[in-house]
Amino acid sequence: MNALGVSHINPQQFVKAVAKALSRYISTAKQPLNVLLSVQKPQIALRKSFLSQVFCSEILDQYPDIKTLKVLHAKIFIDQYLCCDPSLGIKLMRAYAACGEPGIARHIFDEITDKNVVFFNVMIRSYMNNRFYRDALLVYKTMSSHGVDADNYTYPCVLKACSGSDYLWVGLQIHGAVVKVGLDLNLFVGNGLVSMYGKCGQLVEARGVLDGMAVRDVVSWNSMVAGYAQNGRFDGALEVCREMEGLNLKPDAGTMASLFPAVSNASSDNVLYMKSMFMKLAKRSLVSWNVMIAVYVNNSMPTEAVDLYLQMEKEGIEPDAVSISSILPACGDISALLIGRKIHEYADKKKLRPNLLLENALIDMYAKCGCLEDAREVFDQMRIRDVVSWTSMISAYGITGQGHEAVALFSAMQRSGSKPDSIAFVSVLSACSHGGLLDEGRYFFDLMSKYGVAPRIEHFACMVDLLGRAGLVDEAYHFIKQMTIEPNERVWGALLGACQVYSNRNIGLIAADHLFQLAPEQSGYYVLLSNIYAKAGRWRDVATVRSIMKSRGLKKAPGVSNFELQGHIHTFLAGDQSHPQSKKIYQELDVLVGKMKELGYVPETDSALHDVEEEDKEYHLAVHSEKLAIVFALLNTESGTPIRITKNLRICRDCHIAAKLISKIAVREIIVRDTHRFHHFQDGVCSCGDYW
DNA sequence: GTAGGGTTAG
């Protein structure tokens, strides 16, 4: 505990603490201070002062880290001239706020006896920037009792505090006050009003303010764009963009950032629109790159995201913590381990850690690349962990089938004081199900209520999977019947899977009927469905399912596998012949299939029909993407190197058998991550135990 | 001596 950080301190204690901090600081011989002191020597002689006002100002304007700041503060505090310089007080407050210490800024603020409006503005901003919205508004409220009037700097800031805390009613009062003093004509204040109304969901009001403004600039329009985007109205937001372009106002990085909240699951047209906006930007700031990357990441375009990130580096733009936290999930998605590692090194080199979001993203990236040790190392190094960190690590163990580790970590999380939330329970339940930990799974499901977490459909689906996997098909069905919410296709799908494995036709038919009703064209279970109906002799249903497959099943996402070779991602589609090495790959595959047959491999003619996910029907006869990727990897890596493949769908039965045999024939570890879990093939065996 | 819009994870 540093005495300088405590708010109510008496001067004597403070000076003592200052002396201590100073000596400690000087003994560690930090360079900035040494430089600072040597530069200051002549001035010391002149003014009997450690530091000149100008020099302190300069340092403070650069927002020093908290340690330097406290030392500087101490020096200013004990200096008879500097300590009563109001401008240094302002800068100190600002710098503390930037370090996330508005409380210390408040301490300085309270010491000032004769506060003018600037002090209030800086104090309000300090709170606001640290999300202490209530405190910001409380300071605003005290202004009048000090005889100080809010000005054009105050209002934008308090308006932002209103929208941050959803205090629309305070915002309305402030709007009234603004109009009263005529500041609604001010550009900054007007923009603040548009933004406040927009964020509070009052789009009509926002538009009214915008239309009534005497002067508008690009920020005014961006505030309006943000209003629509924050309320999920992407089309409305784009319309405002077009309107502003019509007025010859060019969208800027702020426009892109404003659009961002609405771009998850954007249509491909809208992604293209964002891209063209990005390309047309006069100045591509770091934020605009970050937003464009995030657009790709949030719209399942990880390859584009990674390419853009690499291009950004090439153009000499230095990625920051935001860029990295955004791009890492994409690296994980396509198992771009080498790129991910390089980014990790870069983050360390740039001293971007500790940073909670970035470190969480690192864990996730390593986990998705199947590098549990690396994920764990990052996790262990973290100074602060939140529930996301724990959850990422738990699911990392879960998807590799290490259920016991996941369970142990969950307990550790409980002990650490992090409160598990809904997603944390999903991760531990799914870990139990992948690891076959029946009793533990039941325990955690019951535990949810003790944490006030209401089971959602994902939790139910995990439980059905867990019970079904353990062979308790009847109990799983019973469990579904007792569900408090309507089961969806994932739940019925899990049951159907269990029925297949444990040959339970009666319940299988029930599950199939439900799946059929729940839009079979979406579920991807239609093949299982048709097989089950066929076995039961329900030919009419078979015909219906087939016709649905024929009419709609064709335009689903094609199966794609990725393999990273020397920092480049090679992508294979089912039946792909576009790869430069295509000919060689197919030849080698033929050789392998020959050897596999010697080991008893029989290619199932309708093997593709066993796809649990929606593999394109047109590709059914073609070679699946994971086989191509595996063979490519075999051809291009040295023997002994593990092969890591990522697939965007679940692996099919035929490819699963093939991968097992190839791992034996070629004496290679093959690690395939599908949408469900990791399959670790070694010496003819898979870590999933052939049930997935 | 102080400004407005907007971007990061399970």
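Keep in mind that what you see is a predicted model, and the values were worked out from it rather than measured. FYI, side chains are in, hydrogens and waters are out, and symmetry mates aren't considered; it's all heavy atoms of this structure.
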(request) Could you tell me whether A:G192 contacts a base, only the sugar-phosphate backbone, or nothing, with contacts defined as non-hydrogen atoms closer than 4.0 Å? (result) nothing

(message) Base, sugar-phosphate or nothing for A:T255? Non-hydrogen atoms, less than 4.0 Å.
(response) base

(request) Looking at every strand, decide which applies to A:A321 at a 4.0 Å heavy-atom threshold: base, sugar-phosphate, or nothing. (result) base

(request) Rounded off to whole Å, could you give me the CE-to-C1' distance for the A:M213 and B:dG4 pair? (result) 9 Å

(request) Determine the contact category for A:N355: base if any of its heavy atoms lies under 4.0 Å from a base atom, sugar-phosphate if only primed atoms, P, OP1 or OP2 are that close, otherwise nothing. (result) nothing

(request) Please state whether the base of B:dG4 and the side chain of A:D217 form at least one donor-acceptor pair under 3.5 Å? (result) yes

(request) Run the ring-centre check on A:H107 versus A:Y96 and record whether the distance is less than 6.0 Å. (result) no

(request) Quickly work out the A:N121 CG to B:dA3 P distance and round it to whole Å. (result) 9 Å

(request) Rounded off to whole Å, could you give me the CE-to-P distance for the A:M365 and B:dG10 pair? (result) 13 Å

(message) Could you tell me how far apart A:L352 (CG) and B:dA9 (P) are, to the nearest whole angstrom?
(response) 16 Å

(request) For A:S326, report the nucleic acid contact type (base, sugar-phosphate, nothing); a contact means any heavy atom under 4.0 Å. (result) sugar-phosphate

(message) In whole Å, I'd like the distance from the CG atom of A:D85 to the C1' atom of B:dG1.
(response) 9 Å

(request) From the options B:dA3, B:dG1, B:dG6, select the nucleotide whose nearest atom is closest to the side chain of A:N116. (result) B:dG1

(message) Need one value for A:A253: base, sugar-phosphate or nothing, where a base atom within 4.0 Å counts as base even if backbone is also close, heavy atoms only.
(response) base

(message) Could you check whether A:R385 makes a cation-pi contact with A:F379, meaning its NZ or CZ is under 6.0 Å from the centre of the six-membered ring and within 45° of the ring axis?
(response) yes

(message) Under 4.0 Å, counting only non-hydrogen atoms across every strand here, what does A:V387 touch: a base, just sugar-phosphate, or nothing?
(response) base

(request) Among the candidates B:dA3, B:dG10, B:dG1, find the nucleotide nearest to the side-chain atoms of A:K368. (result) B:dG10

(request) Mind checking A:Y155 for me? I need base, sugar-phosphate or nothing, with any heavy atom below 4.0 Å counting as a touch. (result) nothing

(message) If you compare all heavy atoms of A:D79 against all heavy atoms of A:L82, which two are closest, and at what distance to 0.1 Å?
(response) OD1-N, 2.8 Å

(request) Could you check which of B:dA3, B:dG10, B:dG1 has an atom nearest any side-chain atom of A:N152? (result) B:dA3

(request) Just compare B:dT2, B:dG6, B:dG10 and give me whichever is closest to any side-chain atom of A:K160. (result) B:dG6

(message) So if I take every side-chain heavy atom of A:A424 and compare against B:dT7, B:dG10, B:dG1, which nucleotide ends up nearest?
(response) B:dG10

(request) Please determine, for the side chain of A:P261, which listed nucleotide (B:dT7, B:dA9, B:dG1) has the closest atom? (result) B:dT7

(message) Quick check on the 6.0 Å ring-centre criterion: do A:F188 and A:Y155 meet it?
(response) no

(message) Keeping A:D348 on the side-chain end and A:R353 on the backbone end, is there a donor-acceptor pair under 3.5 Å?
(response) no

(request) Look at the side chain of A:S163 and the backbone N and O of A:L159, then say whether any donor-acceptor pair between them is shorter than 3.5 Å. (result) yes

(message) From CG of A:D364 over to P of B:dG10, roughly how many Å is that when rounded to an integer?
(response) 5 Å

(request) Using a cut-off of strictly less than 4.0 Å, decide whether A:Q230 has a side-chain nitrogen or oxygen near OP1 or OP2 of B:dG6. (result) yes

(request) Among B:dG6, B:dA9, B:dT7, find the nucleotide with the atom closest to the side chain of A:V388. (result) B:dA9

(request) Indicate whether A:Y153 forms a stack on B:dT2; treat it as stacked only if centroid distance is below 5.5 angstrom and interplanar angle below 30 degrees. (result) yes

(request) In whole angstrom, give the distance that lies between atom CG of A:L358 and atom C1' of B:dG10. (result) 15 Å

(message) Less than 4.0 angstrom between a side-chain N/O of A:R125 and OP1 or OP2 of B:dG4, yes or no?
(response) yes

(message) Please pick, from B:dG10, B:dG6, B:dT7, the nucleotide with the shortest atom-to-atom distance to any side-chain atom of A:N290.
(response) B:dT7

(message) Rounded to whole Å, please give me the gap between CE in A:M196 and P in B:dG4.
(response) 16 Å

(message) Please determine whether a side-chain nitrogen or oxygen atom of A:R94 lies at a distance below 4.0 Å from atom OP1 or OP2 of B:dT2.
(response) yes

(request) For A:D320 and A:L286, indicate whether the former's side chain and the latter's backbone hold a donor-acceptor pair under 3.5 Å. (result) no

(message) From C-beta outward on A:A226, which listed nucleotide comes closest to its side chain: B:dG4, B:dT7, B:dG6?
(response) B:dG6

(request) Classify the nucleic acid contact of A:L187 as base, sugar-phosphate or nothing, counting any heavy atom under 4.0 Å across all strands shown. (result) base

(request) Would you state whether a donor and an acceptor, one from the side chain of A:T391 and one from the base of B:dG10, lie under 3.5 Å apart? (result) yes

